[in-house]
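When a residue number appears, it is its place in the shown sequence, counting from 1.
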Amino acid sequence: MTRICRVALTDTFLIETIGIMDIMLCSTFKRLLIILLLAFALFFNNAWASENSAEPLPKEDKSIYHLQEIVVSATREETPRQDVAANIIAVDRETIEKMPAATVGEVLQYIPGVYVEFNGGPGSMAVARIQGAEVRHVAVYMDGVPLNQLANPLTDLNYLPVGAIERIEVYKGAASSAWGASLGGVINIITREPDAAAPVTGSIRSSYGKADTSKNRGHISGTKDRFGYFLSVTSDHSDGFMENSAYDQTAAYGKLNYDMGTTGRLNFVCSWDEGESEDPLINYPDFWDDINQERTYQRLLFEKDLTHYLSMTVEGRHHEYDVFIEDVFSDYRMVYNDYEEESWGGSVRLNYTPNAENIVNLGFDGDWGEFDWINYTRKYDTRNWAVYANETFSRKNVSVNAGFRYDDNRDFGSEISPSAGVVYRLFDDRVLVRAQVAKGFSAPPAAWVKDPVYGTPDLDPETAINYQVGSEIRFLKVFLFEVNLFYADVDDLIQYDPDTRKFQNIEKVVRQGVEGILSASFDCGLDLSFSGSFTDVEDDTTGETIKDIPKEQYQASAAYTWHWMTHSLFGKYTDYNSTYPETRDKKFVFDYKFAAKLPEIYHTVEPELFCSVYNLFNSNVVYRGVWPQPDRWLEAGVSLSF
C-alpha cells in the first residue's frame with residue numbers, strides 16, 4: 001500500500017488506491033434538515049420584507065469585517081465566518097506555532113473531522129480524508145494553485161512545510177459551488193504576507209532530535225515604500241526511525257508585493273520544494289524504494305478596485321510536479337515509477353459589495369495540463385474551465401448563502417454544482433445555527449480515464465448531495481461549544497471491476513456523522529479544547545459498514561502561556577475501523593511542546609528555546625504493520641527573531 005500511494009500507475013496501483021467510501025443516509029434525518037432549511041428561509045424572507053434596503057457602506061468602512069474571524073474558502077472572497085453556512089474550520093499561525101508540527105499533515109491531524117493517514121514516521125507520505133470522504137475527493141490549494149496530481153488526485157501533505165503559512169482553512173463537505181471538483185472538501189492553504197511594519201524582519205529556527213533528525217527554517221520579510229517581500233527557506237533531514245526510512249526535504253518560498261496606490265496591488269509568488277525519502281517496504285524485504293519528488297509553482301495576481309463597490313482580481317498560475325522511484329536491491333537499482341506533469345491556469349474574479357450586508361462574487365477558472373508516465377507511449381492532456389457565482393446576504397440576525405458553478409471538462413463533459421445555506425444568530429451572536437445543502441462532484445482521475453490498458457474513457461464524475469447542520473454556543477464568557485451533523489448520498493463511485501479489468505461507475509455509498517468541539521479560553525493564558533467525531537460509511541447496495549475508514553476520532557489540546565514560557569499538549573485518538581489483524585488502536589497519542597523566550601540581545605534579537613516530545617506516553621498504536629509509527633522521541637532547538 002505504501003508503494004501504491006506513491007503514484008505508481010501499475011495494475012496493483014490502479015486496483016488498490018481506490019478507497020471505498022461513504023454511508024447510509026437516514027431518510028427521516030434528511031427530511032428534518034429540509035424542514036429546517038425551509039423554516040430558516042421563510043423566517044429570513046419575512047425579516048427581509050419588513051425592512052427597508054440598507055444604506056450603502058462606504059468602501060473604507062469595510063475594515064469592520066476584520067474585527068471578526070474572516071474566511072475565504074466559502075466563496076473565494078473574504079467573508080465573516082459568522083455569515084458563512086458552510087462547515088469551515090481555520091487554524092492560524094499563532095496556533096500552528098504552539099503545535100509540535102513542521103508540516104501541513106502534522107497540523108491537520110489535530111483537526112476534528114479530518115483524518116490524516118501517515119505511511120510511517122517523519123518524512124513519510126501523508127494524505128487526508130474529510131468526514132470519511134476518499135482522499136481523491138479532497139482538493140488541496142496553496143495560494144489558489146491546485147496541488148492535487150492530475151493523474152491521481154492527491155497531495156502529499158508532509159511535503160508542505162509550515163514556515164510560509166499564515167492560515168489553513170478546511171472546508172468540510174461538498175465545496176464544488178466555489179471550487180469545482182471537491183466532493184469531500186477543500187484544504188485551502190493561505191500564505192504569509194510581507195511585514196508592513198518594518199523594512200526588515202525575520203527569524204531563524206533550528207532543532208535536532210532522535211535519528212539525526214534536524215529541522216531548520218528561516219524567513220525574512222519587510223516593506224519599503226510600495227514594495228513588500230517575504231522569503232522563506234526550509235531544510236529537514238532524518239536518518240529515519242527504522243532501517244531504510246531516511247529523508248531529506250528542502251523548500252523555498254518567495255512573495256513580492258507592489259502596491260499601486262490605495263486601490264490596487266500586484267503580487268507574485270514562487271514556491272519550490274524537493275525531497276528524497278526512503279520507503280522500507282516491510283512486506284518486500286528484498287528491496288526498498290528510493291523516492292525523489294520535486295514541485296514548483298508560480299502565481300501572478302493583480303487586484304484592483306474598479307469603483308467604490310466593485311473590485312476585480314486577475315491571476316495566472318503555473319505548476320510542475322515530478323516523482324521518480326527506484327527499487328533498490330542489494331546489488332542494483334531498477335526504475336519503478338517515473339511520472340511528471342505540468343499545468344497552467346488562470347482566474348478572473350469580480351467582487352461587488354454594495355453595502356455592509358451583501359457580498360456578490362462572480363468568477364471564471366480555466367486550467368490546462370499534461371502528464372506523462374513511464375509506461376505511456378505519449379503524454380495526455382487535461383482541460384477544465386468553469387464560471388461561478390456566490391452571494392452572501394445578511395440582515396440583522398440572519399445570513400443567506402447561495403452559490404452556483406458550471407464546470408466544462410474535456411473528459412466527462414459538464415457538471416452543475418449549486419449550494420444554499422442559512423445562518424441564524426441569537427442572543428447577541430452568542431448562539432449561531434447553520435444549515436447548508438450542496439451538490440458536489442469529483443472528476444474521475446485522469447489516469448483512470450486515459451490509461452491505455454485499464455482506463456475507461458466514458459467515466460462519469462462522482463457526485464453527491466451533501467447536508468450540513470451545525471450550531472455554535474458561547475457561554476460563561478470563556479466557553480464555546482460547536483456541534484455539526486453531516487450526511488451525503490454519493491453516486492457513481494468509481495471502483496475497479498475485476499471482471500472487465502476496467503474502472504467503472506458501479507458503487508453507491510452514503511456517509512453520515514457528527515462532530516463536536518468544546519473549547520475554553522481563559523484570561524490567565526490557558527486554552528483548552530476537546531473534540532470528537534463519529535463517521536459511519538455504508539455500502540448502499542449491501543447495507544454493510546465499509547471498513548478501514550476511521551469511525552471514531554477524538555482530539556484534545558491544552559496550551560498555557562505565562563509571561564515568557566508556553567506549554568502545549570496535543571493528543572489524538574483513532575478507532576481505525578480496521579480489517580488488518582495487526583491494528584492496535586483506541587489509544588490517545590500525545591505530543592508535547594515547551595517554549596521559553598529569553599531576554600533580548602542588543603534590544604533587537606529575540607531568542608527562544610523550545611523542545612518537543614512526540615508520543616509522550618509511548619503509546620503503542622499501529623494501524624498497519626507496513627506503516628510503523630515511532631515510539632517516544634524528543635527534539636530540541638532554538639529560534640532567533642529580529
(Q) Walk me through whether E193 and N257 qualify under side chain to side chain contact (heavy atoms under 4.5 Å, CB included). (A) CA-CA 9 Å; E193 291 293 329; N257 275 350; 3.0 Å; yes
* Asked: Are S531 and Q555 close enough, and set up right, to give a side chain to side chain donor-acceptor pair (under 3.5 Å), and what steps lead you there?
  -> CA-CA 5 Å; S531 61; Q555 294 84 17; 2.8 Å; yes
Let me see the working for V162 and V107 under side chain to side chain contact (heavy atoms under 4.5 Å, CB included), right down to the final yes or no. CA-CA 9 Å; V162 299; V107 171; 4.0 Å; yes
Q: Apply salt bridge (charged side-chain N to carboxylate O under 4.0 Å, His left out) to the pair D381 and R383, showing each step before the final yes or no.
A: CA-CA 7 Å; D381 298 328; R383 188 270 297 157; over 6 Å; no
_Between D143 and R317, is the salt bridge (charged side-chain N to carboxylate O under 4.0 Å, His left out) condition met? List the steps._
CA-CA 10 Å; D143 287 317; R317 51 189 176 267; over 6 Å; no
task = Show your working on salt bridge (charged side-chain N to carboxylate O under 4.0 Å, His left out) between D322 and R295 and close with a plain yes or no.
result = CA-CA 7 Å; D322 302 309; R295 181 196 305 278; over 6 Å; no
The test is salt bridge (charged side-chain N to carboxylate O under 4.0 Å, His left out); show your working for R81 and E482 and say whether it passes. CA-CA 14 Å; R81 185 173 179 269; E482 303 174 63; 3.6 Å; yes
- Passes side chain to side chain donor-acceptor pair (under 3.5 Å), D407 versus N384? Steps please. CA-CA 7 Å; D407 282 84; N384 192 92; 3.0 Å; yes
Go through it in stages, so that I can follow the logic: the residues are V200 and D195, the test is side chain to side chain contact (heavy atoms under 4.5 Å, CB included), and I'd like the CA-CA distance, side-chain angles, deciding distance and then a yes or no.
CA-CA 8 Å; V200 180; D195 191 331; over 6 Å; no
What do the steps show when you test V170 against V186 for side chain to side chain contact (heavy atoms under 4.5 Å, CB included), and what is the final call? CA-CA 6 Å; V170 179; V186 168; over 6 Å; no
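Side-chain contact check for N188 versus V72: some heavy-atom pair is nearer than 4.5 Å. In this structure, the side chains of Y352 and N361 stay at 4.5 Å or more apart for every pair of heavy atoms. Put simply, the side chain of F302 reaches to within 4.5 Å of the side chain of M312, judged on heavy atoms. A 4.5 Å side-chain heavy-atom check between R349 and L362 finds every atom pair outside the cut-off. Within the 4.5 Å cutoff, no side-chain heavy atoms of L157 are placed close to those of V127. With a 4.5 Å cut-off on side-chain heavy atoms, F570 and S529 do not count as touching. Side chains of S203 and L640 form no contact here, defined as non-hydrogen atoms less than 4.5 Å apart. A 4.5 Å side-chain heavy-atom check between S521 and V478 finds every atom pair outside the cut-off.
Between the K593 side chain and the E97 main chain, a donor and an acceptor come within less than 3.5 Å of each other. Remark: the backbone N or O of A178 is paired with a side-chain donor or acceptor of R76 at under 3.5 angstrom. Looking only at distances, no side-chain donor or acceptor of D365 sits under 3.5 Å from a matching main-chain atom of A386. The backbone N or O of G637 sits nowhere less than 3.5 Å from a side-chain atom of S639 that would complete a donor-acceptor pair. One N or O on the side chain of E169 and one on the backbone of S73 form a donor-acceptor pair closer than 3.5 Å. Side chain of R425 to main chain of Q82: a donor-acceptor pair is present (N/O by atom type, distance under 3.5 Å, no hydrogens or angles). N401 places a side-chain N or O within 3.5 Å of a backbone atom of D83 that can act as its donor or acceptor partner. With hydrogens and angles disregarded, no donor-acceptor distance shorter than 3.5 Å links the side chain of K215 to the backbone of Y208. Under the 3.5 Å distance criterion, the side-chain polar atoms of Y253 are left unmatched by any main-chain donor or acceptor of V269. In terms of modelled atom types and a separation under 3.5 Å, the side chain of N355 and the main chain of N358 share a donor-acceptor contact.
With rounding to the nearest 0.5 angstrom, the CD atom of E608 is 13.0 Å from the CE atom of M565. Between L480 atom CG and S519 atom OG the span is 4.0 Å, to the nearest 0.5 Å. Within the model, atoms NE2 of H137 and CG of L183 stand 5.0 Å from one another, a figure rounded to the nearest 0.5 Å. Atom CD1 in I130 sits 10.5 Å away from atom CD1 in I111 (nearest 0.5 Å).
The aromatic rings of W562 and W564 lie perpendicular to each other, with more than 60° between the two planes, well past the 30° mark.
G105 and F118 make their closest contact through O-CZ, 3.5 Å (heavy atoms, listed as atom of the first residue, atom of the second, distance). Scanning both residues, Y339 and A151, for their nearest heavy atoms gives OH-N, 3.2 Å. Closest approach of L569 to Y592, counting heavy atoms only: CD1-CB, 3.9 Å. For the pair N390 and S177, the tightest heavy-atom approach, listed with the atom from each and the gap, is ND2-O, 3.6 Å. Residue A85 comes nearest to V422 through the heavy atom pair CB-N, 3.6 Å, listed as atom of the first residue, atom of the second, then distance. Nearest heavy-atom pair across A90 and R167 is CB-CD, 4.1 Å.
Ion pairing of E472 with R430 is absent here, as no side-chain N (NZ or NE/NH1/NH2) approaches a carboxylate O to less than 4.0 Å.
A donor atom on one side chain and an acceptor atom on the other are not found under 3.5 Å apart for D236 and N216. Side-chain contact annotation: R299 with N267, donor-acceptor N/O pair under 3.5 Å present. Between Q249 and D273, the side chains place no donor N or O within less than 3.5 Å of an acceptor N or O (distance only, hydrogens not considered). Remark: the E77 side chain and the T79 side chain contain no N/O donor-acceptor pair separated by less than 3.5 Å. Counting only N and O atoms by type, the side chains of T191 and K255 include a donor and acceptor under 3.5 Å apart. Y321 and E342 share no side-chain donor-acceptor pair at under 3.5 Å. Defined by atom type and a distance below 3.5 Å, a donor-acceptor pair is present between the side-chain atoms of T561 and T566.
Aromatic ring centroids of F230 and H219 lie under 6.0 Å apart. Aromatic pair Y141/W179: ring centres closer than 6.0 Å. Taking the ring centroids of H567 and Y560, they lie at or beyond the 6.0 Å cut-off.
When the shell of 6.0 Å around CZ of R474 is examined, it contains 12 or fewer heavy atoms from other residues, nucleotides or ligands.
Screening P418, S419, S182 against S176 for a side chain to side chain contact (heavy atoms under 4.5 Å, CB included) leaves a single residue, S182. Considering F364, Y388, W385, F441 in turn, W385 is the only one that fulfils the ring pair (Phe, Tyr, Trp, His ring centres under 6.0 Å) rule with Y406.
A cation-pi arrangement, defined by a distance under 6.0 Å to the six-membered ring centre and an angle within 45 degrees of its axis, is present between R205 and F610.
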